[in-house]
Enquirer: 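First, the structure itself, so that you have it in front of you.
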Amino acid sequence: MDTLPNSQVPAKYAREIKRMLKEKNAVLLAHYYQEPQIQDLADFVGDSLSLANEAAKSEAKLIVFAGVHFMAETVKIMNPDKTVVVPDLSASCSLAESCTADSFKEFIDSHPDHTVVSYINTTADVKAISDIICTSSNAEKIIRSIPEEQPIIFGPNKNMGKYLNEKTGRNMLLWDGICVVHEAFALNKITELVKQYPEAKIIAHPESHASILKIASFIGSTSALIKYAREDNATTYIVATEVGILHKMKMQVADKKLIPAPIAEDNSCACSECAYMKLNTLEKLYYCIKNENPKVELTEQLRTSALRPIERMLEIS
Ligand code: 13P
Ligand code: SF4
């Protein structure tokens with residue numbers, strides 16, 4: 001790696017990133033969990049579904065994706081003719097990792113005649129053996145679109161699956177996967193906070209544990225949580241999702257108090273940060289645009305197999 005004239009100054013990276021994006025006619029897409037400096041440079045910040053849609057709409061030939069691997073891979077699956085680059089190719093996801101294609105296939109094979117609904121937080125190999133994909137913003141709609149008598153396998157997030165079973169009255173078979181970030185919230189600490197701020201509403205991402213979802217006033221995707229905080233009339237929110245969301249949320253509800261949901265005592269992390277998302281740094285972003293590398297690549301056979309269930313999702317949502 002060559003260095004910038006003054007690599008100590010993040011502002012220099014920011015300036016160069018802006019300049020290169022313009023020069024290369026590239027678009028920078030970022031997830032809400034990215035560090036604030038990256039979000040501020042992005043052309044578009046959104047949830048998994050909106051990022052995929054935005055990439056498809058974009059005229060840019062070079063898509064710089066600041067998020068985790070499965071999200072960038074979904075963009076590549078939907079945009080084979082565009083170059084998709086990510087700051088750190090190893091930015092994975094605990095959920096996607098908890099569900100390998102081989103073990104998921106065994107699960108599917110042992111329950112024949114089930115429709116396989118997979119959350120977008122999966123690898124392309126898992127998508128390729130699924131019937132339909134869903135995201136946190138359209139999962140309920142996707143499940144309801146499947147005839148009631150049809151049995152369903154849902155993976156890989158068991159918390160979200162359990163929540164959807166309760167919401168829709170289905171009895172989907174659930175893959176036993178978790179997100180390490182959303183699993184870490186501490187119920188006792190949240191209830192202590194509620195005593196301190198009795199006016200506070202708890203809002204949570206559906207990947208959170210059932211005990212947290214049970215006490216939440218609102219459950220939704222990252223975009224839906226921001227929209228709720230903006231449109232609802234409460235003044236204080238305890239936000240149970242990755243802490244990066246507070247950056248955009250604060251911009252939209254400057255007059256409200258936002259408290260990140262605390263995590264368990266014995267957890268070594270300081271707060272609810274996704275270590276995978278945070279692998280992307282401003283410096284890596286700079287080099288990724290400069291070198292147009294690392295690229296997200298996959299075989300055409302895998303791409304077309306993984307595209308099919310994504311297209312089914314897009315037809316419905
Ligand atoms: P959203 O689609 O709600 O942004 O969620 C993605 C994710 O990874 C949540 O942990
Ligand atoms: Fe994966 Fe959880 Fe990180 Fe989302 S927050 S990318 S589900 S590990």
Side-chain angles (χ1 to χ4, degrees), residues 29-35 38-39 42 44-55 65-75 78 86-99 117-123 126-127 133-142 154-161 163-164 175-185 203-209 212-213 216 218-229 239-249 260-261 263 267 269 271-280 310 313-314 317:
L29 307 178
H31 189 265
Y32 290 119
Y33 297 166
Q34 291 297 287
E35 60 177 66
I38 294 181
Q39 291 191 42
F44 181 83
V45 183
D47 66 10
S48 317
L49 182 64
S50 61
L51 287 166
N53 284 332
E54 199 60 31
F65 193 93
V68 286
H69 187 264
F70 77 83
M71 295 179 179
E73 195 174 52
T74 306
V75 167
M78 293 167 67
V86 291
D88 191 322
L89 207 51
S90 65
S92 175
C93 162
S94 62
L95 252 180
E97 280 178 5
S98 78
C99 187
V117 181
S118 291
Y119 187 36
I120 198 162
N121 296 39
T122 45
T123 61
V126 168
K127 288 187 177 76
I133 304 302
C134 70
T135 74
S136 50
S137 27
N138 61 20
E140 189 182 337
K141 195 170 181 187
I142 299 291
F154 181 86
N157 191 271
K158 70 170 178 200
N159 291 340
M160 184 183 275
Y163 163 70
L164 289 165
W175 181 261
D176 192 12
I178 56 145
C179 155
V180 288
V181 177
H182 290 87
E183 195 69 14
F185 296 122
I203 56 175
H205 195 279
E207 287 174 18
S208 308
H209 190 267
I212 310 291
L213 298 181
F218 180 75
I219 297 164
S221 69
T222 49
S223 301
L225 293 176
I226 293 176
K227 184 169 183 278
Y228 183 82
V239 186
T241 192
E242 211 267 2
V243 72
I245 198 174
L246 296 189
H247 182 60
K248 278 276 181 253
M249 210 179 247
I263 57 173
N267 195 307
C269 312
C271 62
S272 56
E273 281 207 337
C274 174
Y276 303 93
M277 286 277 183
K278 268 42 181 195
L279 281 172
N280 295 328
I310 295 175
M313 166 184 82
L314 294 175
S317 62

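Start at 1 and go down the list; that is how both ligands and their atoms are numbered. This is a predicted model, so every value here is computed, not measured.
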Enquirer: Looking only at protein heavy atoms, identify the closest one to atom 8 (O) of ligand 1 and say how far it is in Å.
Expert: Asn121 ND2, 3.1 Å
Enquirer: Check each atom of ligand 1 against the heavy atoms of Ser221 and keep those under 4.0 Å away; list them by number with element.
Expert: 3 (O)
Enquirer: Does Thr135 reach ligand 1, in the sense of a heavy atom lying below 4.0 Å from it?
Expert: no
Enquirer: With atoms numbered from 1 as shown, which atoms in ligand 1 lie under 4.0 angstrom from a non-hydrogen atom of His31?
Expert: 1 (P), 4 (O), 6 (C)
Enquirer: Could you pull out the N/O/S protein atoms under 2.8 Å of atom 2 (Fe) of ligand 2, ignoring any water?
Expert: Cys179 SG
Enquirer: Which pair of heavy atoms, one from Tyr33 and one from Thr222, lies closest together, and at what distance?
Expert: OH-CG2, 3.4 Å
Enquirer: Do Gln39 side-chain atoms and Tyr32 backbone N/O form a donor-acceptor pair below 3.5 Å?
Expert: yes
Enquirer: Do side-chain atoms of Trp175 reach the backbone of Ser118 as a donor and acceptor pair under 3.5 angstrom?
Expert: no
Enquirer: At what distance is the nearest protein heavy atom to atom 3 (O) of ligand 1, and which residue and atom is it?
Expert: Ser136 OG, 2.6 Å
Enquirer: Check Ile203, Leu225, Asp47 against Ile245 for a side-chain contact (heavy atoms from CB on, under 4.5 Å) and give me the one that passes.
Expert: Leu225
Enquirer: Any atoms of ligand 1 less than 4.0 Å from a non-hydrogen atom of His182? List them with their elements.
Expert: 10 (O)
Enquirer: Compare every heavy atom of Met71 with every heavy atom of Ser48, then report the nearest pair and how far apart it is.
Expert: OG-CE, 3.7 Å
Enquirer: For Gly67, is there any backbone N or O sitting under 3.5 Å from a side-chain donor or acceptor partner on Asn280?
Expert: yes
Enquirer: For Met277, does its backbone N or O pair with a side-chain atom of Gln34 as donor and acceptor, under 3.5 Å?
Expert: yes
Enquirer: Identify the closest protein heavy atom to atom 5 (O) of ligand 1: which residue and atom is it, and at what distance?
Expert: His205 NE2, 3.3 Å
Enquirer: When you measure from the side chain of Glu207 to the backbone N and O of Cys179, does any donor-acceptor pair fall under 3.5 Å?
Expert: no
Enquirer: Note the single closest protein heavy atom to atom 6 (C) of ligand 1, along with its residue, its atom name and the distance in Å.
Expert: Ser48 OG, 3.4 Å
Enquirer: Under 4.0 Å between a side-chain nitrogen and a carboxylate oxygen: does that hold for Glu183 and Lys158?
Expert: no
Enquirer: Any sub-3.5 Å donor-acceptor pair from Ser94's side-chain atoms to Val180's backbone N or O?
Expert: yes
Enquirer: Which class fits the ring pair His205 and His182: parallel under 30°, tilted 30 to 60°, perpendicular over 60°?
Expert: tilted
Enquirer: Considering all heavy atoms of both residues, which atom of Ala204 and which atom of Leu213 are nearest to each other, and what is their separation?
Expert: CB-CD2, 3.9 Å
Enquirer: Mark up the atoms of ligand 2 that fall under 4.0 Å of a heavy atom belonging to Tyr33, in ascending order.
Expert: 4 (Fe), 5 (S)
Enquirer: Answer with yes or no whether Tyr32 contacts ligand 1, where contact means a heavy atom under 4.0 Å from a ligand atom.
Expert: no
Enquirer: I'd like to know whether ligand 1 has Glu242 as a neighbour, heavy-atom separation below 4.0 Å.
Expert: no
Enquirer: If you have a sec, work out which protein heavy atom is nearest atom 10 (O) of ligand 1 and how many Å separate them, to one decimal?
Expert: Glu207 OE1, 3.0 Å
